[in-house]
Number of protein chains: 2
Amino acid sequence: MTVRRQPLSQTQTRVLDLLSAAGRPLSAYDLLGKLRGEGVNAPPTVYRALEKLVREGLVHRIESLNAFVACSTPHHHDMATFAICDQCGLVTELTDRPLQEQLAAMSSRSGFHATRMMVELRGHCAACAAKAHGHGASDHAH
Amino acid sequence: MTVRRQPLSQTQTRVLDLLSAAGRPLSAYDLLGKLRGEGVNAPPTVYRALEKLVREGLVHRIESLNAFVACSTPHHHDMATFAICDQCGLVTELTDRPLQEQLAAMSSRSGFHATRMMVELRGHCAACAAKAHGHGASDHAH
DNA sequence: CGATCGGATGTTATATCATAACATCTATCT
DNA sequence: AGATAGATGTTATGATATAACATCCGATCG
């Protein structure tokens, strides 16, 4: 299932595995923390691995969190949509073809040629919205 | 036209004016640079002013640039769409009601309750796309 | 084989973005 | 006067990201 266009290096594989295992966004420094003692001691190595993984479409960068997640369905679409719960930190990758088409249409209608489209929704996931029955939201996230 | 729900302080007004005059995204430190010598000497003041302006819907934060722009049509929508040219740095704020509705629909369909929706397109504006007739793209942006 | 090249990594230093924590000041309301 | 809310100042630090340059290693080719 997991199609890898290019072979991944040791570090790249480790980073991807860590992100997959986490199942949530990790910052470059979160990853660096987990890789210390495995011969990775400085930010550039992590950022370079992430850069490669993003190029390959295996990892997404979530701009509003300054963090990275393993792509749930590696496909290299240059289009990612995320719903980010500000309460519990849950991040869900959504796929919505019509939305992508509409974005592309809006984009080209204005003469803009999009190479990357980011959609990030902030709010509360179903579970947290249910819990918050009116009593104040005491945001956490992270 | 410009509806201000709350009166703005001196600093807040200056920041908004600087952003409006710039007509492009400025970082908090860009603003700080312009405000030194006007009694503003430290980041927190700028960030606090920006925070207020964003709350009021007068300024948007562009996540993928870590920068701020004056809202082209102050309305407090919690929804912003930007097309960012990676070549010349031009940032255009787009409004597309159907897109907003579709996003809201997709969001609620999955039980997610969105309080903020961010859409950022990266690519080339019409002018730059026209210029780049095949000869290599030598990205600039900033 | 030895040369060369691309890709990955190491290493050091620094740039850039953002906030914590605490003090002060002023306007307004009571 | 006392209380409150909002804005700001000030110092320090935390968090994120990259520049610049050196090295290493495996593949390819003459």
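Each chain gets a letter, A, B and so on, in the order its sequence line appears, and its residues count up from 1. All of these numbers come straight from a predicted model, not from anything done at the bench.
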Trace of the side chain to side chain contact (heavy atoms under 4.5 Å, CB included) decision for A/M79 with A/L103
CA-CA 10 Å; A/M79 162 91 203; A/L103 262 175; 3.8 Å; yes

Quick one: salt bridge (Lys or Arg N to Asp or Glu O under 4.0 Å) pairs with a partner in residues 25-36 of chain A, sequence neighbours left out?
none

Mind calculating the distance between CG (B/L31) and P (D/dT8) to the nearest angstrom?
14 Å

Starting at the 5' end of DNA chain C, which residue's closest nucleotide do you reach first, B/F68 or A/A49?
A/A49

List the residues meeting ring-ring contact (aromatic ring centres under 6.0 Å, His included) with B/Y47, not counting sequence neighbours, and say none if there are none.
none

With side chains defined as the heavy atoms from C-beta onward, is the minimum distance between B/L31 and B/L50 less than 4.5 Å?
yes

Could you give the CD-to-C1' distance, from B/E63 to D/dT16, as a whole number of Å?
14 Å

Non-neighbouring partners of B/S108 that pass side-chain contact (heavy atoms from CB on, under 4.5 Å), sequence neighbours left out:
none

Separation of A/L50 atom CG from D/dT18 atom P, in whole Å?
11 Å

Using the side chain to side chain donor-acceptor pair (under 3.5 Å) criterion, which residues pair with A/R14? Sequence neighbours excluded.
A/E38

Should A/R61 be listed as having a side-chain N or O under 4.0 Å from OP1 or OP2 of D/dT16?
no

Taking for each residue the nucleotide of DNA chain D bearing the nearest heavy atom, is the 5' side occupied by A/Y47 or by B/Q10?
B/Q10

Rounded interatomic separation in angstrom, taking CG from A/L65 and P from D/dA17:
11 Å

Connecting only ILVMFWY residues whose side-chain heavy atoms lie within less than 4.5 Å of each other, what is the rest of B/M118's hydrophobic cluster?
none

Report the distance from atom CG of B/D30 to atom P of C/dA18, rounded to the nearest whole Å.
11 Å

Separation of B/L26 atom CG from C/dT16 atom P, in whole Å?
15 Å

Atom pair distance, as rounded to whole Å: CD in B/E51 and P in C/dT19
8 Å

Phosphate oxygens OP1/OP2 of D/dA7: is one of them under 4.0 Å from a side-chain N or O of B/K52?
yes

Check whether any side-chain nitrogen or oxygen of A/N66 sits under 4.0 Å from OP1 or OP2 of D/dA15, and answer yes or no.
no

Contacts under 3.5 Å, N or O only, protein and nucleotides 10-14 of chain C:
from	atom 1	to	atom 2	distance (Å)
C/dG10	OP1	A/G39	O	2.6
C/dG10	OP2	A/T45	OG1	2.8
C/dG10	N7	A/R48	NH2	2.7
C/dG10	O6	A/R48	NH1	3.2

